[in-house]
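Written out below as structure tokens is the structure these notes cover.
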Amino acid sequence: MKTNCKKWKYLLCMTAVMTAFASIPLSTQAADLQARLMDVTDKKQETTSHKMNSADNRNPSAITAGVADILDVKISSTDIPNADAPKAINTNIVETNVSARGEALTAFTKNLMVLQPQIQPESTLVMAKVNEYVNIRLEADQDSQKVGVLYKDCGGDILEKNDEWTKIKSGDVSGWIKNQYLYFGKEAEELAKDVGVLTAYSETETLRVRKEPSLDAGIVGLLSEGQAVEAIAEEGDWVKVSYEGATGFVAAEYVRVEFGIDTAESMEVIMARQEAERAKAAADAEARRVQQKEAVLATASELEILAALIQCEAGGEPYEGQVAVGAVVMNRVRCGGYPDNITDVIYASGQFTPASGGRMESLILNKTTRASCIQAAQEAINGVCNVGDALHFRRNNGRDGLVIGNHVFW
């Protein structure tokens, strides 16, 4: 009778252990592993139970071996005080091995979860797929009200998309554009990298632009607080920048670097600009008649503005490169898709970094614009053009176009 009671105690112990294994949360792959282990264990338990009920296996060593076989542990005969007088199996050994087994399965489950592939969110970026511009509509309908314009090389973010139209947000404008006029996914990301501009804004009163990334290097020029230059790359504690067409370096801790692409214009902004142009035309009718000539004439103030822009963009370039920058501005003046005067072309939102960074004004007010830049501006105004009908330029990054000095024109 005592022997049978002990047998049942062992069986209860084994059942409790297997219940503990079954309660461990597993991933799909780990659950399959557990099912196979349980299947094998059930078979071993049936065999062991049969052996314990057999008259030939009343030796406690045999019972101990059955338990150890199920638990995958080793119990030596020294753990049983007397083979002829069976006592309780050393539970410390069983518990220790069961605990180790549980920890191993838990670690295995965690590893399976880590190895599962991570799903990357789909990009919401879109870029204009047009030669000039595309209209943004209030509703997904060709006859719907126009709320803005998305120009070539401008972009935004997807708000909603269907089979034919996509609702985007670009700058302050939200509305619908036909899918055929937009780049999505990788195409949009590649175009954004190509046309986007990395800009460094000075965050100190006087920032030295050095020739090399070293405090001992010579100084190319100075930036006042808030002034901006095109950033080429971030290199550790330094930022490589384009300063007046030449390469320079500024300490990273004193600048704020931002990557941006041009965004849409709302109809309110476009209409306000057009109204200002009409008012200026009425007040300066005689000047407008002169400006309609093939070689666009400009006032002296416009000459200074263009010369200052040329110095900011190409002051370190060869003279041919300085004329080329002026020619791009004049091409825009003649083009119907841009304002019809030098000042508005240069100060158009998001077009030329120096116009929004304060450096141009500094050159004009202090009368420090170089003579070569003034001459280049005057030649461009007089009609000299060495870039064909190019309307854009940027630092040469391998893009197709006409390369002059360190810039590519297209």
Side-chain angles (χ1 to χ4, degrees), residues 128 130-136 146-154 170-173 195 262-314 322-357 360-361 363-364 369 373-394 409-410:
V130 293
N131 292 328
E132 291 188 14
Y133 65 88
V134 60
N135 294 324
I136 303 174
K146 187 166 67 172
V147 295
V149 170
L150 188 68
Y151 296 100
K152 174 183 173 64
D153 293 340
C154 294
S170 178
D172 297 327
V173 184
V195 303
D262 292 340
T263 55
E265 271 191 317
S266 67
M267 291 309 300
E268 290 81 359
V269 171
I270 293 173
M271 292 173 65
R273 186 181 72 239
Q274 291 175 345
E275 181 61 30
E277 290 174 355
R278 284 192 292 268
K280 182 177 180 181
D284 197 10
E286 183 63 25
R288 281 185 58 82
R289 284 193 293 271
V290 174
Q291 291 174 353
Q292 290 173 355
K293 295 180 180 180
E294 184 177 354
V296 178
L297 301 178
T299 65
S301 60
E302 287 189 318
L303 173 63
E304 292 175 354
I305 292 171
L306 180 57
L309 174 69
I310 291 173
Q311 178 163 326
C312 291
E313 295 283 10
Q322 295 175 3
V323 173
V325 170
V328 166
V329 173
M330 298 311 298
N331 281 347
R332 291 191 180 191
V333 171
R334 299 184 187 98
C335 177
Y338 293 89
D340 60 359
N341 62 85
I342 293 172
T343 301
D344 288 346
V345 165
I346 291 175
Y347 280 99
S349 176
Q351 297 303 303
F352 297 100
T353 299
S356 60
M360 282 176 49
E361 290 79 1
L363 291 172
I364 294 169
T369 305
C373 296
I374 296 174
Q375 182 179 344
Q378 188 63 67
E379 285 206 55
I381 291 172
N382 290 341
V384 174
C385 180
N386 58 352
V387 293
D389 58 357
L391 297 173
H392 306 274
F393 72 91
R394 65 169 297 159
F409 296 82
W410 73 97

Item to check | Pair Met330-Ile342, side-chain contact (heavy atoms from CB on, under 4.5 Å): steps then yes or no | outcome: CA-CA 7 Å; Met330 298 311 298; Ile342 293 172; 3.7 Å; yes

Checklist entry - Would Gln375 and Val323 count as a side-chain contact (heavy atoms from CB on, under 4.5 Å) if you check the C-alpha gap in whole Å, the side-chain angles of each, and the deciding distance to 0.1 Å? => result CA-CA 8 Å; Gln375 182 179 344; Val323 173; over 6 Å; no

Item to check | Test side-chain contact (heavy atoms from CB on, under 4.5 Å) applied to Val333 and Asn341, step by step | outcome: CA-CA 5 Å; Val333 171; Asn341 62 85; 5.5 Å; no

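In this structure the side chain of Arg332 reaches within 4.5 angstrom of the side chain of Gln351, judged on heavy atoms. Side chains of Ile305 and Tyr347 form a contact here, defined as non-hydrogen atoms less than 4.5 Å apart. Counting heavy atoms from C-beta outward, Arg273 and Glu265 have side chains that approach closer than 4.5 Å. With a 4.5 Å cut-off on side-chain heavy atoms, Pro339 and Glu277 count as touching.
In this structure, CG in Asp153 is found 12.0 Å from CD in Glu132, a value given to the nearest 0.5 Å. For the atom pair CG of Leu363 and CD of Glu304, the computed distance is 11.0 Å after rounding to the nearest 0.5 Å. Atoms NZ and OG, from Lys146 and Ser266 in turn, are 12.0 Å apart once rounded to the nearest 0.5 Å. Interatomic distance, Glu313 CD to Met360 CE, rounded to the nearest 0.5 Å: 9.5 Å. Taking NZ from Lys152 and CG from Asp262, the interatomic distance works out to 12.0 Å, rounded to the nearest 0.5 Å. Atom CG of Leu306 sits about 9.5 Å away from atom OG1 of Thr343, to the nearest 0.5 Å.
Nearest heavy atom pair, residue Leu150 against residue Ser170, reads CD1-OG, 3.6 Å. Considering every non-hydrogen atom in both Val173 and Ile136, the closest pair reads CG1-CD1, 3.8 Å. Scanning all heavy atoms of the two residues, the minimum distance from Ala307 to Ile374 falls at CB-CA, 3.7 Å. Here the shortest heavy-atom pairing between Ile364 and Ala308 reads CG1-CB, 3.8 Å. Between Leu309 and Val329 the shortest heavy-atom distance is CD2-CG2, 3.7 Å. Ala314 approaches Gln322 most closely through the heavy-atom pair O-CG, 3.2 Å.
The aromatic rings of His392 and Tyr338 sit perpendicular to each other, their planes meeting at more than 60°, with 30° as the lower class boundary.
Residues passing the ring-ring contact (aromatic ring centres under 6.0 Å, His included) test with Phe393, sequence neighbours excluded: His407, Phe409.
Under the 3.5 Å distance criterion, the side-chain polar atoms of Asn331 are matched with a main-chain donor or acceptor of Gly388.
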